[in-house]
Q: 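This is the structure, below, for whatever I ask next.
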Amino acid sequence: ASAGSDGVVRLWDVVSGACARELKGHEDWVDSCAFSPDGRQLASAGADGVVRLWDVVSGACARELKGHEGRVTSCAFSPDGCQLASAGSDGVVRLWDVVSGACARELKSHEGGVNSCAFSPDGRQLASAGWDRVVRLWDVVSGACTRELKGYEDWVTSCAFSPDGRQLASAGSDGDRKSTRLNSSHS
């Protein structure tokens with residue numbers, strides 16, 4: 001799937017290279033999209049402040065998740081597909097219950113917007129990367145910020161866990177890239 005400035009999410013057939021479906025509903029740029037682990041849903045996050053959950057087979061928008069004040073910059077499903085994290089220019093990471101659409105938790109600690117969010121492979125931790133030059137690790141159950149990773153000179157633009165959950169990679173708008181080894185008791 002891909003998304004961009006026209007507000008349309010496109011699903012692609014990787015064999016033929018053809019666009020298989022266009023998902024329309026956002027009123028502005030779409031900054032992020034993510035498939036659910038089972039591949040049946042797609043989340044899209046946009047500059048219109050809305051996260052949309054799409055049924056991949058029918059192409060219908062199954063749910064709109066509203067709560068961010070401003071642009072939603074990133075979205076990520078938990079490994080079990082039960083939760084969706086969204087991050088926004090409002091500096092808040094929200095954890096949504098995928099079935100009910102309710103916001104289960106708001107994670108607030110960034111000073112400025114949040115560019116990226118990612119679940120650990122076991123779903124117990126969430127990483128967020130922000131305009132404040134900090135990557136934060138969160139306990140998903142308690143909502144507590146458990147660690148702050150500092151050292152960037154500018155915005156942190158992206159974060160991702162290694163498949164075993166023992167390392168976290170991050171990249172900044174200053175061109176810097178970092179990899180942090182995490183305590184194995186948290187992965």
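The structure displayed is predicted, hence computed values, not measured ones. Note that these values count all heavy atoms, side chains included, but never hydrogens, waters or copies made by symmetry.
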Q: Do the non-hydrogen side-chain atoms of Leu11 and Leu42 ever get within less than 4.5 Å of each other?
A: yes
Q: Is it true that Asn115 and Trp131 share a donor-acceptor pair across their side chains at a distance under 3.5 Å?
A: yes
Q: Evaluate side chain to side chain donor-acceptor pair (under 3.5 Å) for Arg136 paired with Ser128, printing each intermediate quantity in order.
A: CA-CA 5 Å; Arg136 287 183 171 77; Ser128 60; over 6 Å; no
Q: When you measure from the side chain of Ser173 to the backbone N and O of Asp154, does any donor-acceptor pair fall under 3.5 Å?
A: no
Q: May I ask you to test the Arg63-Arg52 pair for a side-chain heavy-atom distance under 4.5 Å?
A: no
Q: Report the distance from atom OG of Ser5 to atom CG of Asp31, rounding to the nearest 0.5 Å.
A: 10.5 Å
Q: Are the side chain of Ser32 and the backbone of Ser74 linked by a donor-acceptor contact shorter than 3.5 Å?
A: no
Q: Nearest 0.5 Å please: distance from the CG atom of Asp132 over to the CH2 atom of Trp155.
A: 11.0 Å
Q: Taking C-beta and beyond as the side chain, do Glu106 and Val93 meet within less than 4.5 Å on heavy atoms?
A: no
Q: Are any side-chain N or O atoms of Thr73 and backbone N or O atoms of Val114, one a donor and one an acceptor, separated by less than 3.5 Å?
A: yes
Q: Side chains of Thr146 and Trp138: donor-acceptor distance under 3.5 Å anywhere?
A: no
Q: Indicate yes or no for a side-chain donor-acceptor contact from Ser36 to the backbone of Gln41 under 3.5 Å, with no hydrogens or angles considered.
A: yes
Q: So, the side chain of Tyr152 versus the backbone of Ser170: is there a donor-acceptor pair under 3.5 Å, distance only?
A: yes
Q: Salt bridge or not for Arg124 and Asp139, using N-O below 4.0 Å?
A: no
Q: To the nearest 0.5 Å, tell me how far His110 NE2 sits from Cys145 SG.
A: 7.5 Å
Q: Taking Asp28 for the side chain and Asp48 for the main chain, is one N or O donor matched with an acceptor at less than 3.5 Å?
A: no
